[in-house]
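This report refers to the structure that appears directly beneath it.
Side chains included, hydrogens not; waters and symmetry mates left out as well; all remaining heavy atoms used. Positions are given from 1, in the same order as the sequence printed here.
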Amino acid sequence: MSRPSGIPSWAPRGTVLMQEAAGLTNEVADRLLRDPRMEQAWKDLQRLPEPADLQERIERIRAGFSPDAYTQEKLDLTAFDRQSAALFYQVMVEVYQPERTYWTKGEADKLAMPFLDAARLCEESARNDSTIRMRSDLLEALKLVGSYFQSQGDMRQMRSNPRVLGRRLPGVSDEKRGHARMVATMIRDLFGPPPGNFPHSAVARFVTVSLGTDDEIDELKESVRDWCKGLPLEGAAL
């Protein structure tokens, strides 16, 4: 595939292949391919050292996030082609999610509380109720019910979900905070930045370009650093 006219030379080959193969003709894809702010974002990502488990990360990319899933043509793709294509597509899909809901930790805890309370009650009954302890069948059933309630509570707490935010901040968009956390998580999974070398400015550029805002990059970078505190980034300091 040749590079379409109008797409600058700095746009990674993987993103160009993804745009062509998957027929991505929308304003978000267009901004990510052409907005000059993205040039530095891709440079920052390409300069990251390869993680030791790079091949495993590439293999974990879902088929639909790779350009060769959309064409019969044999594509000669480098690791960065695949990483950039997947990131480009994932960011675009995230922006176009029909229902992008963001919760505070307090709201998530409130959703989980009835289930976690029920799980604790099952545990206490299994431990303290002598009638139940005398019946192995009742004890086993109660443990299964308690395990179910615990799993439902854990799911609703969404501890690993980047869309679960801290408390709401006056004048700060939940959408922008949640989107920044999602992009940071995508970069974590695809590129594995080493400790102390997380590309906050690249996240900031992806956020402002994909959402179509006009943030000052250096200021947004510091906000991104703050918003992403607490995300599990495989040992990489945010």
Side-chain angles (χ1 to χ4, degrees), residues 1-51 53-100 162-163 175-176 178-193 198-215 217 220 224:
M1 292 184 180
S2 59
R3 182 177 293 260
S5 63
I7 296 182
S9 59
W10 51 256
R13 179 171 174 267
T15 64
V16 178
L17 290 173
M18 193 73 194
Q19 190 270 341
E20 276 205 306
L24 304 178
T25 55
N26 58 68
E27 66 275 15
V28 176
D30 190 65
R31 288 196 298 267
L32 290 172
L33 286 169
R34 292 177 169 84
D35 192 300
R37 291 172 292 183
M38 290 302 300
E39 180 175 7
Q40 188 60 49
W42 292 116
K43 285 181 179 178
D44 290 345
L45 295 178
Q46 196 159 25
R47 279 199 293 259
L48 291 172
E50 290 187 359
D53 60 346
L54 174 63
Q55 190 56 42
E56 293 176 23
R57 292 172 188 272
I58 297 299
E59 290 172 359
R60 289 199 296 266
I61 294 174
R62 290 167 54 185
F65 294 164
S66 176
D68 50 11
Y70 300 90
T71 180
Q72 297 299 313
E73 183 179 344
K74 180 67 175 177
L75 300 176
D76 181 21
L77 300 173
T78 67
F80 188 71
D81 287 336
R82 294 189 178 280
Q83 290 167 304
S84 61
L87 181 58
F88 167 68
Y89 193 59
Q90 286 181 59
V91 171
M92 191 203 66
V93 168
E94 171 64 16
V95 172
Y96 277 108
Q97 285 290 332
E99 295 182 6
R100 283 182 292 153
R163 293 193 183 92
E175 178 187 46
K176 193 176 292 184
H179 189 50
R181 288 166 61 86
M182 288 296 297
V183 172
T185 302
M186 296 169 192
I187 289 175
R188 172 201 69 186
D189 293 343
L190 287 166
F191 294 89
F198 197 84
H200 301 96
S201 60
V203 176
R205 292 173 193 278
F206 270 96
V207 168
T208 191
V209 171
S210 61
L211 293 181
T213 61
D214 195 27
D215 296 271
I217 296 298
L220 185 56
V224 166

Response to the item:
Those residues at least two apart in sequence (or on a different chain) that pass salt bridge (Lys or Arg N to Asp or Glu O under 4.0 Å) with D76 are none

Fill in: Spatial distance of atom NE2 (H200) from atom CD1 (I187) [nearest 0.5 Å]
10.0 Å

Discussion item. Tell me which pairs pass salt bridge (charged side-chain N to carboxylate O under 4.0 Å, His left out) where either residue lies in residues 22-33, with sequence neighbours left out.
Written reply: D30-R34

Worksheet entry | Pairwise distance CZ(R57) to CG(L54) - rounded to 0.5 angstrom | 8.0 Å

Worksheet entry | Any side-chain heavy-atom pair of M18 and L87 under 4.5 Å | no

Item to complete: Not counting sequence neighbours, which residues clear side chain to side chain contact (heavy atoms under 4.5 Å, CB included) with E56? List them please.
Response: D53, R60

Worksheet item: Do K176 and D215 touch side chain to side chain, with heavy atoms closer than 4.5 Å?
Response: yes

Discussion item. Using the side chain to side chain contact (heavy atoms under 4.5 Å, CB included) criterion, which residues pair with D81? Sequence neighbours excluded.
Written reply: R13, L77, T78

Worksheet item: With a 4.5 Å limit on heavy-atom distance, are the side chains of L45 and Q83 in contact?
Response: no

Discussion item. Just to verify, what does R82 make a salt bridge (Lys or Arg N to Asp or Glu O under 4.0 Å) with, not counting sequence neighbours?
Written reply: D68

Response to the item:
With sequence neighbours left out, the residues meeting side-chain hydrogen bond (donor to acceptor under 3.5 Å, both in side chains) with S84 are none

Discussion item. Looking at every heavy atom in both V203 and A184, which two are closest together, and how far apart are they?
Written reply: CG2-CA, 4.1 Å

Discussion item. Taking salt bridge (Lys or Arg N to Asp or Glu O under 4.0 Å) as the definition, give me every residue that meets it alongside E175, ordered by chain and number, with sequence neighbours left out.
Written reply: R100

Discussion item. Just verifying a value: how many Å separate S210 OG and H179 NE2, rounded to the nearest 0.5 Å?
Written reply: 3.0 Å

Worksheet item: Which is it for R205 and D35 under the side-chain contact (heavy atoms from CB on, under 4.5 Å) test, yes or no, and what are the steps along the way?
Response: CA-CA 10 Å; R205 292 173 193 278; D35 192 300; over 6 Å; no

Worksheet, complete the sentence: Those residues at least two apart in sequence (or on a different chain) that pass side-chain hydrogen bond (donor to acceptor under 3.5 Å, both in side chains) with R62 are none

Discussion item. Give me the atom names and distance for the closest heavy-atom approach of A11 to L33.
Written reply: CB-O, 3.9 Å

Discussion item. For residues 60-90, which residue pairs pass the ring-ring contact (aromatic ring centres under 6.0 Å, His included) check, not counting sequence neighbours?
Written reply: F65-Y89

Worksheet item: Atom CG in L32, atom OG1 in T15: separation rounded to 0.5 Å?
Response: 8.5 Å

Fill in: Those residues that, when tested against E39, pass side chain to side chain contact (heavy atoms under 4.5 Å, CB included) (two or more places apart)
W10, K43

Discussion item. Using side-chain heavy atoms (C-beta onward) and a distance below 4.5 Å, is T185 in contact with R188?
Written reply: yes

Practice prompt. Would you indicate whether the side-chain heavy atoms of M38 and F206 approach each other to under 4.5 Å?
Written response: yes

Worksheet entry | Residue list, side chain to side chain contact (heavy atoms under 4.5 Å, CB included) with A69, at least two apart or on another chain | none

Response to the item:
Of all heavy-atom pairs linking P199 and L48, the shortest is CG-CD1, 4.2 Å

Practice prompt. If a pair satisfies salt bridge (charged side-chain N to carboxylate O under 4.0 Å, His left out) and one of its residues is in residues 88-97, list it, with sequence neighbours excluded.
Written response: E94-R163

